[in-house]
Amino acid sequence: MKATYDYLIVGAGLFGAVFAHEATRRGKRCLVVDKRPHAGGNIYCREMDGIQVHYYGAHIFHTDNRRVWDYVNRFVTFNRFTNSPLANFEGRLYNLPFNMNTFYQLWGTRTPEEARARIEQERAPYAGIAEPRNLEEQALKLGGRDIYERLIKGYTEKQWGRAATELPAFIIRRLPFRFTFDNNYFNDRYQGIPEGGYNALIDALLSECEVRLGTDYFAHRAELDALSDAVLFTGCIDEYFEYCFGRLEYRSLRFDHRVLETDNFQGNAVVNYTERSIPYTRIIEHKHFAFGTQPTTVVTYEYPDDFAPGKEPYYPVNDERNSRIYDRYRTLADNCVDVLFGGRLAQYTYADMDDTVEAALRLSEEVLR
Ligand code: FAD
Ligand code: UDP
């Protein structure tokens with residue numbers, strides 16, 4: 001007997017939504033389920049005091065991929081926001097990424113020549129490190145002690161919950177230095193925030209699909225599987241296979257959203273706090289993503305958090321142990337019939353939104369021919 005749906009899509013995040021849209025427009029019947037009470041996954045925005053709040057952390061769309069940029073622009077209009085975060089260390093402000101403004105603030109260097117000479121001097125004591133054994137050695141070799149101690153060490157140790165000497169070097173294999181006065185955090189050609197927030201994008205993608213929110217796949221697995229011919233699963237891969245090879249590790253985050261009775265709290269969308277003794281890593285002021293003029297403001301303090309069952313898995317810990325476990329799950333996944341796996345949780349990877357859209361488009365082209 002033919003099932004009610006061609007695809008059951010587990011997860012109404014960006015990956016699930018793009019795949020659902022592509023399948024529906026090719027005539028497939030799709031049911032999308034999500035355990036959260038809203039669609040959008042981590043790009044979901046909640047309106048507070050007339051401001052679109054990035055509820056699960058600041059999201060800036062940036063890409064060099066023309067096809068992805070054209071694709072998302074079919075559904076929403078992007079504003080001209082450019083991410084130019086600041087770092088606050090011991091009360092002094094520094095521009096990011098590391099550029100001529102930062103070098104001037106650190107050392108008073110005024111020209112590229114002066115800045116290059118100063119960085120060479122900073123690196124010189126660490127030139128003997130041939131193969132950095134950890135993140136600290138890597139950072140010192142690339143930028144020297146001053147940049148490391150003011151702008152990297154505290155932030156990184158808070159973010160990952162470990163000493164920099166116990167973190168793998170690959171996390172900061174490259175530290176881009178820009179010898180121009182350019183505070184744009186990204187090098188990509190296209191960048192912006194959807195007007196009206198990210199929900200506008202997700203709602204447009206899902207407009208023709210049936211969506212059931214507040215529905216945990218694992219609580220209704222047999223019943224949901226029976227409804228469809230095939231499944232796209234975008235949740236945690238270890239949970240799908242009932243943790244048979246053990247649990248994958250994550251870093252979690254805690255967000256403290258606050259409405260403040262001022263029209264402008266910090267004058268910038270993102271300010272990082274790079275000292276170890278301050279427990280949060282950054283403060284986000286959401287109205288600046290949209291050049292808002294509301295009389296109040298909403299800020300979010302972002303606290304790194306240890307992961308435990310029941311908490312949200314935000315950052316995969318792609319070290320050797322976890323990569324080995326993931327490979328074993330991947331092999332099981334590759335051998336599943338009529339089940340597709342996609343998205344950051346099923347692929348145990350950190351993927352920016354543009355990579356997520358590209359991956360979902362590729363999968364749809366592959367399987368929906
Ligand atoms: P998700 O958004 O996680 O969606 C998965 C969905 O599956 C969730 O809604 C979840 O509830 C649902 N689900 C899971 N298990 C089940 C189940 N058992 N039953 C039902 N539903 C289930 N990218 C950028 O390009 N720019 C940025 O500035 C940026 N900032 C980021 C900041 C943070 C803090 C984080 C964590 C990520 C950031 N990203 C950014 C990456 C971006 O969030 C991802 O690319 C994108 O959200 C991935 O979409 P997804 O659908 O794969 O995953
Ligand atoms: N980082 C840092 N200082 C900062 C910002 C970032 O040392 O002020 C390092 C840190 O190790 C972090 C990594 O760069 O884990 C990536 O940070 P980014 O803000 O680019 O990514 P996100 O955490 O937003 O995904």
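Here the structure is a predicted model, which means the values were calculated and not measured. Start at 1 and go down the list; that is how both ligands and their atoms are numbered. Side chains are part of it too, since the values below use all heavy atoms of this structure and drop only hydrogens, waters and symmetry mates.
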Under the 6.0 Å and 45° cation-pi test, does Arg254 pair with Tyr303?
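Yes, a cation-pi geometry holds between Arg254 and Tyr303.
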
Please assess Thr24 against Glu208 for the test side-chain hydrogen bond (donor to acceptor under 3.5 Å, both in side chains), listing each intermediate value before the final yes or no.
CA-CA 7 Å; Thr24 305; Glu208 306 287 318; over 6 Å; no

Looking at [X] versus [Y], is the centre-to-centre ring distance below 6.0 Å?
| X | Y | result |
| --- | --- | --- |
| Phe341 | Phe241 | yes |
| Phe245 | Tyr329 | yes |
| Tyr314 | Phe255 | yes |
| Phe289 | Tyr198 | no |
| Tyr7 | Phe19 | yes |

Quick one: does [X] get an N or O within less than 3.5 Å of an N or O on ligand 1?
| X | value |
| --- | --- |
| Asp354 | no |
| Met353 | yes |
| Glu302 | no |
| Gly40 | no |
| Phe15 | yes |
| Tyr56 | no |
| Gly57 | no |
| Tyr315 | no |
| Arg282 | no |
| Tyr217 | yes |

Not counting sequence neighbours, which residues clear side chain to side chain contact (heavy atoms under 4.5 Å, CB included) with Arg92? List them please.
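Scan of Arg92 (side chain to side chain contact (heavy atoms under 4.5 Å, CB included), adjacent residues dropped) gives Tyr94.
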
Which heavy atom of the protein is the closest neighbour of [atom], given with residue, atom name and distance?
| atom | answer |
| --- | --- |
| atom 2 (O) of ligand 1 | Asn42 N, 2.9 Å |
| atom 36 (C) of ligand 1 | Tyr314 CD2, 3.6 Å |
| atom 47 (O) of ligand 1 | Ile43 CG2, 3.7 Å |
| atom 1 (P) of ligand 1 | Arg344 NE, 3.7 Å |
| atom 43 (O) of ligand 1 | His59 NE2, 2.7 Å |
| atom 20 (C) of ligand 1 | Lys35 N, 3.2 Å |

Could you tell me whether the side chains of [X] and [Y] share a donor-acceptor contact shorter than 3.5 Å?
| X | Y | answer |
| --- | --- | --- |
| Tyr55 | Arg46 | yes |
| Glu22 | Tyr71 | yes |
| Glu195 | Thr77 | no |
| Arg178 | Asn187 | yes |
| Tyr280 | Arg282 | no |
| Asn99 | Asn183 | yes |

So which heavy atom on [X] is nearest to which on [Y], and how close?
| X | Y | value |
| --- | --- | --- |
| Gln294 | Gly50 | NE2-O, 3.1 Å |
| Ser252 | Lys311 | OG-CB, 3.9 Å |
| Ile202 | Ala39 | CG2-CB, 3.9 Å |

Going by the angle between their ring planes, with limits at 30° and 60°, are Tyr240 and Tyr217 parallel, tilted or perpendicular?
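Rings of Tyr240 and Tyr217: parallel, as their planes differ by under 30°.
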
Short list, please: which atoms of ligand 1 are under 4.0 Å from a heavy atom of [X]?
| X | result |
| --- | --- |
| Gly343 | 52 (O) |
| Gly11 | 6 (C), 7 (O), 12 (C) |
| Arg36 | 11 (O) |
| Phe218 | 18 (N) |
| Asp216 | 17 (C), 18 (N), 19 (N) |
| Gly41 | 2 (O), 4 (O), 8 (C), 9 (O) |
| Ala58 | 28 (O), 29 (C), 30 (N), 31 (C), 32 (C) |
| Gly235 | 14 (C), 15 (N) |

Within the supplied structure, the quantity of interest is the number of heavy atoms (other residues, nucleotides, ligands) at a distance under 6.0 Å from Phe81 CZ; does it exceed 12?
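Correct, the count exceeds 12.
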
Looking only at non-hydrogen atoms, which of [options] approaches [atom] most closely?
| atom | options | answer |
| --- | --- | --- |
| atom 45 (O) of ligand 1 | Ala351, Ala346, Pro313, Gly13 | Ala351 |
| atom 26 (N) of ligand 1 | Leu14, Val10, Ile60 | Ile60 |
| atom 46 (C) of ligand 1 | Thr349, Thr234, Thr356 | Thr356 |

So which protein residues pack against ligand 2 under 4.0 Å, heavy atoms counted?
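For ligand 2, the residues that come within the 4.0 Å heavy-atom cutoff are Leu96, Leu151, Ile152, Tyr155, Thr156, Gln159, Trp160, Tyr185, Asn272, Thr274, Arg282, Tyr315, Tyr350.
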
Does Asp355 come within less than 4.0 angstrom of ligand 1, counting non-hydrogen atoms of the residue?
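Under 4.0 Å: no for Asp355.
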
Listing request: all salt bridge (Lys or Arg N to Asp or Glu O under 4.0 Å) pairs with a residue in residues 159-168, at least two apart in sequence or in separate chains.
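For residues 159-168, and leaving out neighbouring residues, there are no salt bridge (Lys or Arg N to Asp or Glu O under 4.0 Å) pairs at all.
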
Specify side chain, backbone, both or neither for Asn83, according to which of its non-hydrogen atoms lie closer than 4.0 Å to ligand 1.
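For Asn83, there is no contact with ligand 1 at all, from either part.
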
Report the part of Asp34 (side chain from C-beta onward, or backbone N, CA, C, O) that has a heavy atom under 4.0 Å from ligand 1; answer both or neither where that applies.
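The part of Asp34 near ligand 1 is both the backbone and the side chain.
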
The criterion is ring pair (Phe, Tyr, Trp, His ring centres under 6.0 Å); which residues satisfy it with His286, sequence neighbours excluded?
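Partners of His286 by the ring pair (Phe, Tyr, Trp, His ring centres under 6.0 Å) criterion, ordered by chain and then number, come out as His54.
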
